[in-house]
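Note sheet for the following structure.
These figures come from a predicted structure and were not determined experimentally. The analysis underlying the following values was restricted to heavy atoms, covering all of them including side chains, and did not include hydrogens, waters or symmetry mates.
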Amino acid sequence: MTRVSKSDLIYALMLPIFVFYTVPVYIIFNNLNDFEDISAPFTLATLAVTTVVFVGLAFAIAMLIPDNRFGRAVSVVVRYIFFFLMLAGLVFPLTKVAGQIEVSSIPLNTLNLVFVAVGAAVLTFISTTSHASKILLAAIAFVAINAIVGTAIILFTIGPKVVDSIHIASRTKNVFVLSFDGLSRDISMEVLRENPEYASALKDFTFFQNALSSAPATIPSITSELSGIANVKVFETEKNMRETIDPNILITNRLNQAGFVVSTYGPYNGGFEVNARKYSYRTLDTDFTPRQRIDRVVELQQYALARILSGPLVFKRESLDPVISALGFEKTKPSKDNLRSLVEYHKGVDWDRGSLLTMLDVENYIEKMRVDTDRPVAHFVHFLQTHFPVDFDEICGYRSDDAAWFRANQNRTGAKNETKCAFSQYSRFIKRLQELGIYDNSLIIIKSDHGQPVAYNDPDQLESFKVREHPYWGFSRYTPLLGIKNFNTRTDEPTIDNRVAILTDLAKTLCLNALTPAHGCDTYSGYDLLDNLGIPAAAPTHLYLVKDASSTFYLDSQEVIDWPRQPEFYNRFNDMLSSSLLTSALPCSSATDLSHGNTYSNGLTDGATWVAWHEGTTVFIKTRAPNCDAIGASIKLAGTDRDGFSVKMNGSDLSSSARVQTDGKAISIDIPVKNISGGEIVISVQGLTKLIPTSIQFAGSEP
C-alpha cells in the first residue's frame with residue numbers, strides 16, 4: 001500500500017517524463033530544420049532511457065512521502081512544480097529569443113514568468129477541488145499527446161538522407177552560389193589584395209568593392225537575395241514571411257521550373273519546393289560517434305531546461321562529462337586529422353560547436369563533386385564554418401580546443417586569418433571545377449550574407465561603429481563579400497567593380513544570365529550585376545536596422561530605412577544615423593559638453609546618441625567653425641594615456657605644436673586653430689588606449 005494517493009503519484013511520475021522527454025521532443029519537432037543532423041532513433045532512445053531512470057528515482061522518492069500534513073504539503077508543491085513546468089515548457093517559455101549566446105546567458109522572459117507562476121497556482125488550486133480528476137486527465141492527455149505526436153513527427157521526418165544531388169554537376173551548364181557566413185567585405189578584399197595565390201585562383205571574378213547587404217542577419221538577407229524583394233520587412237516577422245512569400249518568385253524554384261536540377265543547403269532551403277534536394281546543416285558528412293551523438297542530446301536537454309527553468313539554472317555541459325564517461329561513452333582521442341575528435345575538447349562557446357562542424361560539410365561538398373548529368377544544374381549552399389566566433393586559423397586548422405588561442409583571436413586579426421582559410425576553400429572549389437572540365441560552363445557566385453560583428457572590425461575605423469549601441473551589429477555588418485564569374489569568362493586578374501551592389505540584385509542577375517531565354521525577370525527588383533551599364537547612384541534600396549541594443553536577428557526587432565545606393569557607405573551611414581548634428585557655430589566663452597546624449601558632433605565621437613566608437617584608440621570631434629576669431633581649441637578627454645598622442649586638425653598634423661596635460665585619468669590638449677573661416681573642423685586624437693572626448697572650448701575674440 002503506497003503512502004501517497006494515486007493522483008499524487010501520477011503527478012510525481014509525470015514530472016520526469018515531461019522534463020526529460022516531452023519538452024526535448026517538443027523542441028525538436030518545432031525546429032526540424034535545426035535537428036536534421038541527429039539520429040532520430042538514437043536521440044529518442046537516449047531521452048527515453050534518461051526518462052526511465054528519473055521516473056524510477058521519482059517513484060522511490062514518492063514512496064518515502066509520509067501520509068501526514070507534511071506529506072500532503074509536499075504533494076501540493078509537486079503539483080505546482082508540474083503545472084509550472086508544463087506551462088513553461090509548452091505554452092510560455094521562460095527564455096527570450098536572443099540569438100547566438102551561451103544557454104546560461106539567455107535572457108529571462110519576465111512576463112512569461114508571471115503568467116506561468118499565476119497559471120500554475122490556479123491549476124494547482126483546481127487540482128485540489130472537486131474538479132481534481134478532470135484536471136489530472138487533461139494534464140495526462142496534454143503531456144501524452146505532445147510526446148506521442150512529437151515522437152511520430154520526428155521518426156517520420158528526420159531520417160538518413162541520400163546525399164546525391166548536392167554532389168552532381170552538369171556537363172552543359174552550372175550555377176554555383178557558394179556562400180560563407182559572416183565574411184566581411186573589407187577584410188575579404190584585403191585578403192584578396194595581399195595574397196597573390198588567391199588573386200590568381202579567382203582571377204576571372206568581378207569583386208564588388210561597395211557590396212551591401214540589406215540585413216544584418218542571415219534569413220532576411222538570403223530571402224531578399226532569392227526573391228529580389230528589397231524590403232522583406234513588409235512581412236513583419238519571419239513566420240509571416242515564410243507563409244506569405246510566393247514560392248514561385250524564389251530564384252531557386254524559378255530555375256528548378258526551368259529545368260535545372262536545383263539543390264539547396266542551409267537557409268537556401270527556405271521556400272524551395274523539392275524536399276529531396278534540400279540539405280540541412282551537418283548532413284553531408286554524418287560520421288558521428290556515439291559520444292558525439294550523446295553530446296548532441298545533452299545540448300538539447302540544456303535548451304529544454306532553459307525553456308522551463310531559465311538559462312542561469314541550466315547545468316554546464318562539462319559537468320556531465322564524468323557521468324557520460326562512466327557509462328562507457330569516452331571522449332575520442334584528439335587527432336589533428338579528426339575535427340570531430342577535437343571539437344569534443346572545445347574551449348570556445350558551446351552554441352558554436354554545431355556551426356564549426358559545417359567545416360566537414362564544405363570539405364565534403366568540394367571533394368565529392370562529380371559530373372553526372374547533361375541537365376543544367378544549380379547549387380545554392382551556405383556554410384557556417386566562418387560564423388563568429390573565430391575557431392579556425394589561416395590554414396583551416398581548428399584551434400578552439402586551446403582556450404588561450406580562442407581568447408586571443410576574437411578580433412580582426414583572427415577574423416582575417418579565418419578569411420584566408422575561406423579563400424583557400426573558394427580556391428580549391430574553383431580548382432575542382434577546372435579538374436572536372438566544367439569551369440567555363442559555370443556561373444559562380446562566391447559571397448557571404450553579411451559582415452562580421454562589431455568586435456571583429458578595426459576599432460579605429462568607422463567599420464567598427466555600433467548601430468544604436470548594439471553590441472554585435474555595427475556598420476560593417478552590412479558589408480558582405482560578393483564576387484561573380486560569368487559563363488565563359490577569362491581575365492588576367494580579378495576585376496574590381498566600384499558600383500554599389502546589393503545582395504538583392506542577385507535574383508535578377510541569375511534570372512537574366514542563367515535562364516535561356518530569360519523571361520519574367522522584371523519581377524525582381526534591382527539590377528543585373530553582370531551588365532556593365534551603370535547603376536543609378538540614387539537607386540533606392542532598404543536597410544533593416546536594429547531598434548536598440550537588445551534587438552535580435554528577427555525582423556520584428558528591426559526597422560526598415562530607405563537607403564539610396566551611394567559609395568562611401570560608412571561615412572554616409574554615419575551621417576544618416578547621427579541625431580545631434582551641429583546646426584550653429586560654437587561659442588568661445590564656454591566649454592561645450594560632449595558627454596553622452598549631449599553631443600555636438602556628427603557621430604564621430606563616443607558621445608553620439610545613435611552610434612558609438614567601439615574600443616577605439618582614436619576619437620574624432622567634428623564641429624562647425626566657432627562664432628569667433630578663434631586662435632586655439634582646448635579639448636578634454638577621459639583616458640589613461642600619459643604620452644604618445646597624435647593630434648590632427650582637418651588632416652594637418654599638429655602633434656608637435658599641441659600642449660598636452662594629463663593626470664593619468666583626464667587629458668587636456670590645447671592646439672592652435674588656423675584657416676577655418678566658415679568651414680568645418682575635424683579634430684582627431686590618437687593615443688595608446690581608449691579615449692573618450694568630454695568637452696571642447698575655443699579661445700579667441702568674440703565678433
Run the numbers on Tyr524 and Leu510 for side chain to side chain contact (heavy atoms under 4.5 Å, CB included), then give the verdict. CA-CA 10 Å; Tyr524 301 112; Leu510 288 172; over 6 Å; no

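- Here the side chain of Glu463 pairs no donor or acceptor atom with the backbone of Phe475 at under 3.5 angstrom.
- Counting only heavy atoms from C-beta outward, the side chains of Gln452 and Arg412 never approach each other to under 4.5 Å.
- In this structure, Arg499 contributes its side chain and Leu533 its backbone to a donor-acceptor pair below 3.5 Å.
- Ring pair Phe176/Phe380: centre-to-centre distance not below 6.0 Å.
- The backbone N or O of Leu384 sits less than 3.5 Å from a side-chain atom of Thr358, completing a donor-acceptor pair.
- Summarising the geometry, atom CG belonging to Asp449 is positioned 5.5 Å from atom CD1 belonging to Ile222; distances are rounded to the nearest 0.5 Å.
- Across every non-hydrogen atom of Asn210 and Asn498, the tightest pair is ND2-O, 2.7 Å.
- Close placement of the Phe180 and Tyr426 rings is indicated, their centers lying within 6.0 Å of each other.
- With Phe260 as the aromatic partner, Arg277 does not meet the cation-pi criteria of under 6.0 angstrom to the ring centre and within 45 degrees of the ring axis.
- Val261 is not listed as a side-chain neighbour of Ser170, based on a closest heavy-atom distance of 4.5 Å or more.
- Looking at Ile484 and Leu506, their side chains come closer than 4.5 Å, going by heavy atoms from C-beta outward.
- With contacts defined as side-chain heavy-atom distances shorter than 4.5 Å, the pair Pro216/Phe553 does not qualify.
- The backbone N or O of Phe383 lies less than 3.5 Å from no partner atom in the side chain of Asp361, so there is not a single donor-acceptor pair.
- Between the side chain of Asn269 and the main chain of Tyr279, a donor-acceptor pair closer than 3.5 Å is present.
- For the pair Lys466 (side chain) and Pro471 (backbone), a donor-acceptor distance under 3.5 Å is absent.
- Judged by distance alone, the side chain of Arg353 and the main-chain N or O of Val343 form a donor-acceptor pair under 3.5 Å.
- Lys233 and Leu555 get closest at one heavy-atom pair: CE-O, 2.9 Å.
- Between the side chains of Glu363 and Gln425, at least one donor N or O sits under 3.5 Å from an acceptor N or O.
- Taking each heavy atom of Tyr554 and Ser557 in turn, the nearest pair found is O-OG, 2.9 Å.
- Within a 6.0 Å sphere centred on NZ of Lys368, other residues, nucleotides and ligands contribute 12 heavy atoms or fewer.
- Residue Thr419 comes nearest to Ser188 through the heavy atom pair CG2-OG, 3.7 Å, listed as atom of the first residue, atom of the second, then distance.
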Give the C-alpha distance, both sets of side-chain angles, the deciding distance and a yes or no for side chain to side chain contact (heavy atoms under 4.5 Å, CB included) between Lys416 and Glu190. CA-CA 9 Å; Lys416 187 172 181 178; Glu190 283 182 23; 3.1 Å; yes

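- With Ser448 contributing its side chain and Leu481 its backbone, the two residues share a donor-acceptor pair below 3.5 Å.
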For side chain to side chain contact (heavy atoms under 4.5 Å, CB included), just list the numbers for Phe392 and Thr386, CA-CA rounded to whole Å, side-chain angles, deciding distance to a tenth of an Å, and then say yes or no. CA-CA 8 Å; Phe392 297 95; Thr386 47; over 6 Å; no

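- Under a cutoff of 6.0 Å and an axis angle of 45°, Lys485 and Tyr439 form a cation-pi pair.
- Looking at heavy atoms from C-beta onward, Leu433 lies out of side-chain contact with Asn174 at the 4.5 angstrom threshold.
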Residues Ser221, Ser213; criterion side-chain hydrogen bond (donor to acceptor under 3.5 Å, both in side chains); working and verdict: CA-CA 7 Å; Ser221 174; Ser213 168; 3.2 Å; yes

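- Judged by distance alone, with hydrogens and angles left aside, the side-chain atoms of Asn195 form no donor-acceptor pair with the main-chain N or O of Glu197 at under 3.5 Å.
- With hydrogens and angles ignored, the 3.5 Å screen pairs no side-chain donor or acceptor of Tyr478 with any backbone N or O of Trp473.
- Taking 4.5 Å as the limit, every side-chain heavy atom of Asp37 sits out of range of all side-chain heavy atoms of Tyr281.
- Separation of atoms CG (Leu250) and CG (Asn256) is listed at 11.5 Å; rounding is to 0.5 Å.
- Here the closest heavy-atom approach between residue Leu503 and residue Lys447 is recorded as CD2-CE, 4.1 Å.
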Stepwise side chain to side chain contact (heavy atoms under 4.5 Å, CB included) check, Leu515 with Leu255: CA-CA 7 Å; Leu515 292 178; Leu255 292 177; 3.6 Å; yes

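- Expressed to the nearest 0.5 Å, how far CD1 of Ile502 lies from CG of Leu212 amounts to 4.5 Å.
- Salt bridge Lys278/Glu36: absent, no basic N to carboxylate O contact under 4.0 Å.
- In this structure, Tyr544 OH and Ser224 OG are separated by 3.5 Å, a value rounded to the nearest 0.5 Å.
- To the nearest 0.5 angstrom, Ile187 atom CD1 is 6.5 Å from Ser476 atom OG.
- A ring-centre distance under 6.0 Å is found for Trp563 and Phe569.
- With values rounded to the nearest 0.5 angstrom, Phe208 atom CZ is found 9.5 Å from Thr495 atom OG1.
- A side-chain donor-acceptor contact under 3.5 Å links Asn248 and Gln257.
- No side-chain heavy atom of Ile445 sits under 4.5 Å from any side-chain heavy atom of Thr509.
- Salt-bridge formation is detected for the pair Arg171/Asp374: a Lys NZ or Arg NE/NH1/NH2 atom is positioned less than 4.0 Å from an Asp or Glu carboxylate oxygen.
- Taking 4.5 Å as the limit, every side-chain heavy atom of Arg399 sits out of range of all side-chain heavy atoms of Asn409.
- Closest heavy-atom contact between Glu559 and Lys547: N-CG, 4.2 Å.
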Hey, mind stepping through Asp181 and His382 against side-chain hydrogen bond (donor to acceptor under 3.5 Å, both in side chains) and telling me if it holds? CA-CA 7 Å; Asp181 197 287; His382 179 79; 2.9 Å; yes

